[in-house]
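A quick write-up on the structure given underneath.
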Amino acid sequence: MTWEALVFLIFSVITLGSGALVVTTRNLFHAALYLMLSLFGVAGLFVLLTAPFLAGVEIVVYIGAIAILIIFAIMLTPQVMQIPHLRSNQWIAALVAAALFFLMLVSVLTPLAEELGVDNWSAGFTQDDPADVPADTLTTLGESLVDPDLYVLPFEVASVLLMAALVGAAMMVRPEEPEPRRSEPAPVVEPGAEQATTGGD
Amino acid sequence: MVPLWMFLVVSAALFSTGLYGVLARRNAIAILMSIELMLNAALINIVAFWRYQAPENVGGQVFAAFVFVVAAAETAVGLALIILIYRRHQSVIAEDVNVLKW
């Protein structure tokens with residue numbers, strides 16, 4: 001077993017194991033922490049795939065921003081800590097559906113399809129010696145994102161989409177009624193007066 | 001390196017895990033987390049195909065970067081919706097939100 005296969009095995013186990021815990025753990029907060037671990041495994045797979053920039057983005061954006069955002073949402077909705085139990089049959093049906101979907105994908109993706117008589121279907125899938133990645137991939141990536149002949153338009157559209165989504169999210173969760181101003185003077189209650197002390201809160 | 005189909009199988013397994021979560025979980029935030037798992041499976045797929053089929057073409061990485069952007073936008077809007085629903089219904093259970101059903 002080469003070291004690459006070993007690293008691949010380790011990160012795959014991290015990713016899939018914590019992914020399974022994400023969808024099965026009762027405590028949502030623990031599920032969010034397992035999600036972070038799973039995303040870390042995905043970042044490791046990216047490193048193995050010679051995409052260090054994407055691994056960094058995965059850690060900064062996914063673990064640093066999205067997972068933290070999910071944890072904030074979990075803490076803002078206190079009721080979610082106690083999750084009611086699933087209906088008895090629902091998870092079995094979901095498990096069967098997911099397992100069948102997985103088997104379907106695997107049977108198409110792996111050399112199994114070829115053994116079943118589909119010629120040349122997965123010829124590209126069994127290669128284990130791809131060409132080397134050019135050393136200036138990161139530079140090319142950065143330049144292609146602002147190159148008018150390549151990806152500058154999708155890049156700008158993506159940035160506008162991101163800004164619209166964030167402004168929309170902030171608009172949606174704003175307080176529904178403005179809180180009463182704190183600067184208003186509290187009603188003055190004369191000492192010894194008969195009137196009830198209403199208001200002021 | 002390990003052959004390409006191993007990455008694809010890991011990606012398929014991660015996607016199926018997320019699919020199970022979306023189908024079995026009742027909590028909207030848990031469903032959102034499962035969707036993140038599925039997006040990550042798609043990311044592994046994209047990057048693996050880029051690495052093995054066209055490492056000289058940087059388009060694969062650009063595509064993955066756009067998936068990051070879409071995932072961030074989706075999470076922000078989704079969580080905002082969930083918090084809004086929680087304020088209105090005092091619940092984040094997906095089945096409780098059925099005002100559009102009839």
Side-chain angles (χ1 to χ4, degrees), chain A residues 4-5 8 12 15-16 19-20 22-23 28 31 35 39 42 45-46 49-51 54 57 61 66 69-70 73-74 76-77 80 83 86 90-91 94-95 97-98 101-102 105-106 109-110 124-128 130-131 133-134 137 140-141 144-145 151 154 158 161-162 165-166 168-169 172-173, chain B residues 1-10 12-21 23-27 29-30 32-34 36-37 40 43-44 47-48 50-53 55-56 58 61-62 64-66 68-73 75-77 79-84 86-87 90-93:
Chain A
E4 278 163 334
F8 173 78
S12 302
T15 305
L16 294 179
V22 168
V23 296
L28 256 198
L35 178 69
L39 298 177
V42 174
L45 289 179
F46 284 170
L49 283 166
T50 340
L54 290 179
V57 172
V61 172
I66 294 181
L69 200 63
I70 287 177
I74 290 172
L76 282 175
T77 54
V80 304
I83 308 171
L86 293 172
Q90 191 176 356
W91 72 271
L95 190 61
F101 188 75
F102 175 67
L105 283 180
V106 166
L109 291 178
T110 62
F125 293 171
T126 51
Q127 64 160 320
D128 56 356
V133 175
T137 298
T140 319
L141 176 64
S144 71
L145 278 177
Y151 304 111
L161 167 76
L162 193 57
L166 292 180
M172 275 194 288
V173 296
Chain B
M1 283 182 77
V2 295
L4 172 59
W5 65 268
M6 285 191 186
F7 280 101
L8 299 184
V9 167
V10 168
L14 194 61
F15 191 92
S16 302
T17 310
L19 181 66
Y20 168 77
L23 291 177
R25 288 283 213 173
R26 301 176 66 199
N27 189 302
I29 297 180
L32 208 63
M33 283 198 272
S34 306
E36 298 301 332
L37 287 183
N40 270 277
L43 270 174
I44 294 178
V47 180
W50 163 77
R51 178 69 187 90
Y52 282 85
Q53 306 281 357
E56 73 286 344
V58 82
Q61 289 211 21
V62 173
F66 287 144
F68 280 117
V69 174
V70 172
T75 311
V77 174
L79 288 176
L81 281 174
I82 289 172
I83 288 178
L84 204 62
Y86 177 78
R87 251 186 227 159
Q90 296 299 311
S91 164
V92 288
I93 307 298

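Every chain is numbered from 1 and lettered A, B, ... according to where its sequence line falls, protein lines coming before strand lines. Just so you know, these numbers use all the heavy atoms, side chains as well, and skip hydrogens, waters and symmetry mates.
With a 4.5 angstrom heavy-atom cutoff, B/L32 does not touch chain A via any of its atoms. If you measure heavy-atom distances from A/F46 to chain B, the contacts under 4.5 Å come from the side chain alone. For a residue to count as touching a neighbouring chain, one of its non-hydrogen atoms must lie under 4.5 Å from one of that chain's; by this rule A/L35 touches chain B with the side chain only. Both the backbone and the side chain of A/T15 come within contact range of chain B, judged by heavy atoms closer than 4.5 Å. The contact between B/F7 and chain A is made by backbone and side chain atoms together, counting heavy-atom distances below 4.5 Å. The contact between A/L95 and chain B is made by backbone and side chain atoms together, counting heavy-atom distances below 4.5 Å.
Looking only at heavy-atom pairs under 4.5 Å with chain B, the residue among A/G19, A/A165, A/A98, A/A94 that has the most is A/A94. Between chain A and the residues B/L37, B/I83, B/N40, B/T75, the most heavy-atom pairs under 4.5 angstrom are made by B/N40. Listed options B/V70, B/I44, B/I82, B/L19 were ranked by heavy-atom pairs under 4.5 angstrom with chain A; first place goes to B/I44. Heavy-atom pairs under 4.5 Å with chain B peak, among A/L69, A/T140, A/V61, at A/L69. Counting heavy-atom pairs under 4.5 Å between each of A/T137, A/L39, A/L166, A/L141 and chain B puts A/L141 at the top. Chosen from B/V69, B/V77, B/V62, the residue pairing most often with chain A at heavy-atom distances under 4.5 Å is B/V62.
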- Mind running side chain to side chain contact (heavy atoms under 4.5 Å, CB included) on A/V22 and B/E36 for me, showing each step along the way? CA-CA 11 Å; A/V22 168; B/E36 298 301 332; over 6 Å; no
- Message: Using the rule given for side chain to side chain contact (heavy atoms under 4.5 Å, CB included), can you reason through A/L54 versus B/F68, listing the C-alpha separation, both sets of side-chain angles and the distance that settles it, and then say yes or no?
- Response: CA-CA 9 Å; A/L54 290 179; B/F68 280 117; 3.7 Å; yes
- Item | side chain to side chain contact (heavy atoms under 4.5 Å, CB included) assessment of B/W5 paired with A/V106 | CA-CA 9 Å; B/W5 65 268; A/V106 166; over 6 Å; no
- Passes side chain to side chain contact (heavy atoms under 4.5 Å, CB included), B/Y52 versus A/L49? Steps please. CA-CA 9 Å; B/Y52 282 85; A/L49 283 166; 3.8 Å; yes
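A distance of 12.0 Å separates OG in B/S34 from CD1 in B/I29, rounded to the nearest 0.5 Å. Taking CG of A/L45 as the reference point, atom CE of B/M6 lies at 12.5 Å (rounded to 0.5 Å). Note that CH2 of A/W91 is 6.0 Å distant from OH of B/Y20, once rounded to the nearest 0.5 Å.
Judged by distance alone, the side chain of B/R51 and the main-chain N or O of A/A51 form no donor-acceptor pair under 3.5 Å.
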